[in-house]
Amino acid sequence: MRKKALITGITGQDGSLLAGFLLEKGYEVHGLRLYAATDDSERIQAVADNRLFRLHYGDMTDGGGLWRILSEIKPDEIYNLAAQSHVRVSFDAPKATADINALGTLRLLEAIRGLNLNTRFYQASSSEMFGNAPAPQNENTPFSPCSPYGAAKLYAYWIVRNYRDAYGIHASNGILFNHESPLRGEEFVTRKIVRAVAAIEAGRQECLALGNLNARRDWGHAQDYIEGMWLMLQQDKPDDYVLATGKARSVREFVVAAFAQTGINLVWSGKEKDEKGIDARTGRVLVKIDPDLHRPTELHELVGNAVKAYEKLGWKPQLGFRDIVREMIDAERAAFRSADGRDDRAFLAAE
Ligand code: NAP
Ligand code: GDD
């Protein structure tokens, strides 16, 4: 029997990668797609024509709609990836973030319960739930979120555990640390950096403005993490797992590594808001600080311990920091080289 999966957040980085991964495994893949007046299906172009792939309009804030979609599809597996996923934005839109990320998860679980579906459920939980708990963080680290996004994700995490215990739903939390790819949203720091570096190289942008350069993140590759999500739902028993590489780098290190890919040796001068990243050869200022990009509360360091995932799922990340930076920079440079991409990207990357 062919398995059916429903992916919420299908147009996002992880949703689009997971769709390709599951189609390759022979699944029938359904995607929940938020209506957008401007076409946002670029990331799913590669799978759009597959006869086993189908999109459904829906919104995580519309419980009736989710109920109807689940009753139509009766999926074997649900991957709940939809979210307002930008931490900085969650300070500006805390209620919408909670409605989508926290209550949206509850709405899906209620539909599974109410329809009595035999569905396995994956929840996209986040290392942001740990806040500034001492690193390294694992499944037993106490949570202390320091953003509305983290707090909303923590509600979702606990409601998943509660529905698992109370109603026997096969529901698992993947507590994923930052993971990146060329499909990463343009407002997240890694993609913002590589886009700017490629634009500066192409002579289309003067300078890159950033917030906190000293924040440290455990950056893995999204393709590795997609497989981990799937492995969690193939287990006999539901559980919660951290996926991480175990190594953290600062935003500053990411910037230096990205410029190095284009042959630029970046050196730093000045302090705090006056700090600047300078091309050591030409003396040109390429990076400056924009205090508006700082967050009201910052999460300083995330480093995950994924030993449980290794021991129970056999999961281990294959790609590391250098691979990620190289792949992301190569993708941006290729886009600038293509005549069509050049104009669009130059316009979008301009400050
Ligand atoms: P993403 O690129 O921002 O994708 C989020 C998806 O959710 C998009 O498809 C978005 O649709 C959709 N969405 C937003 N609001 C919605 C709503 N009201 N109803 C239905 N869909 C909605 O995020 P990602 O990086 O792929 O991450 C996937 C999930 O993992 C998210 O839940 C995120 O919070 C979580 N997570 C991510 C990371 C990471 O490092 N990437 C780490 C830990 C956890 P539009 O495109 O139309 O806006
Ligand atoms: N976005 C952004 N833009 N971040 C910046 C900038 C900037 O200009 N300058 C510095 N940073 C710093 C942020 O302050 C943060 O400390 C770090 O770069 C990473 O920011 P993001 O790339 O926006 O990711 P995030 O860690 O806040 O959140 C991501 O990872 C979480 C898992 O830990 C998102 O994907 C979340 O959805 C995910 O749950």
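Not measured: the values here are computed from a predicted model.
- Side chains of Phe259 and Asn265 form no contact here, defined as non-hydrogen atoms less than 4.5 Å apart.
- Remark: Arg191 engages Glu332 in a salt bridge, criterion side-chain N to carboxylate O under 4.0 Å.
- In this view, Tyr310 satisfies the ring-ring contact (aromatic ring centres under 6.0 Å, His included) rule with no residue, not counting sequence neighbours.
- Within a 6.0 Å radius of CD in Gln235, more than 12 heavy atoms belonging to other residues, nucleotides or ligands are found.
- By the ring-ring contact (aromatic ring centres under 6.0 Å, His included) test, His56 is found to be paired with His30, residues two or more places apart in sequence or in another chain being considered.
- Side chain of Asn101 to main chain of Ala98: no donor-acceptor pair is present (N/O by atom type, distance under 3.5 Å, no hydrogens or angles).
- Checked by atom type, the side-chain pair Asn80/Thr105 shows a donor-acceptor distance below 3.5 Å.
- Between Trp158 and Phe143, the angle of the ring planes goes over 60°, which puts this pair in the perpendicular group of the 30/60° scheme.
- Residues forming a side chain to side chain contact (heavy atoms under 4.5 Å, CB included) with Ser90 (at least two apart in sequence, or on another chain): Gln84, Thr97, Ser147, Pro148, Tyr149.
- Checked by atom type and distance alone, the side chain of Arg33 never pairs as donor or acceptor with a backbone atom of Leu55 at under 3.5 Å.
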Acceptor/donor pairs from residues 237-248 side chains to any protein atom, 3.5 angstrom cut, sequence neighbours excluded:
residue, atom, partner, partner atom, Å
Asp239, OD1, Lys308, NZ, 3.0
Asp239, OD2, Lys308, NZ, 3.3
Asp240, OD1, Arg164, NH1, 2.9
Asp240, OD1, Asn173, N, 3.1
Asp240, OD1, Asn173, ND2, 3.1
Asp240, OD2, Arg164, NH2, 2.9
Thr245, OG1, Asp218, OD1, 2.5
Thr245, OG1, Lys247, N, 3.1
Thr245, OG1, Lys247, O, 3.4

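- Using a 4.5 Å heavy-atom cutoff, the side chains of Tyr27 and Lys4 are not in contact.
- Gln318 and Asp224 share no donor-acceptor pair across their side chains, judged by distance under 3.5 Å alone.
- When only modelled atom types and interatomic distance are considered, Thr61 and Asp99 share no side-chain donor-acceptor pair under 3.5 Å.
- Using modelled atom types, one side-chain atom of His86 and one backbone atom of Glu187 make a donor-acceptor pair closer than 3.5 Å.
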Quiz: residues 15-25 side-chain donor-acceptor pairs under 3.5 angstrom, not counting sequence neighbours:
residue, atom, partner, partner atom, Å
Ser16, OG, Gly12, O, 2.8
Ser16, OG, Gln13, O, 3.0

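- Side chain of Thr297 to backbone of Cys146: a donor-acceptor contact under 3.5 angstrom is found.
- Going from atom CD of Glu77 over to atom NE2 of His170 covers 9.0 Å, rounded to the nearest 0.5 Å.
- Side-chain contact between Ser127 and Leu302 is present, with at least one heavy-atom pair separated by less than 4.5 Å.
- Within the 6.0 Å centre-distance limit, the rings of Tyr225 and Trp315 are counted as a close aromatic pair.
- The side-chain tip of Arg184 points at the ring of Phe188 from less than 6.0 angstrom away and within 45° of straight on.
- A donor-acceptor pair under 3.5 Å is formed between the side chain of Arg120 and the backbone N or O of Leu233.
- Remark: side-chain polar atoms of Gln234 are paired, donor with acceptor, to backbone N or O of Trp230 under 3.5 angstrom.
- Annotation: side chain of Lys273 is not in contact with side chain of Asp290 (no heavy-atom distance under 4.5 Å).
- In this structure, Gln123 CD and Leu81 CG are separated by 8.5 Å, a value rounded to the nearest 0.5 Å.
- Without hydrogens or angle criteria, Asn138 side chain to Thr141 main chain gives a donor-acceptor distance under 3.5 Å.
- Between the Asn132 side chain and the Glu298 main chain, a donor and an acceptor come within less than 3.5 Å of each other.
- Applying the 4.5 Å side-chain rule to ILVMFWY residues, one finds Leu6, Leu32, Met60, Leu66, Trp67, Leu70, Ile73, Ile78, Ile100, Leu103, Leu106, Leu108, Leu109, Ile112, Leu115, Leu117, Phe121, Tyr155, Ile159, Val160, Tyr163, Tyr167, Ile169 in the same cluster as Ile69.
- Here Asp62 does not pair with Arg68 in a salt bridge; the nearest charged N to carboxylate O distance is not below 4.0 Å.
- The residues Arg195 and Glu186 are annotated as salt-bridged, a charged nitrogen and a carboxylate oxygen being separated by less than 4.0 angstrom.
- One finds a salt bridge joining Arg252 and Glu275 here, because a Lys/Arg side-chain nitrogen approaches an Asp/Glu carboxylate oxygen to under 4.0 Å.
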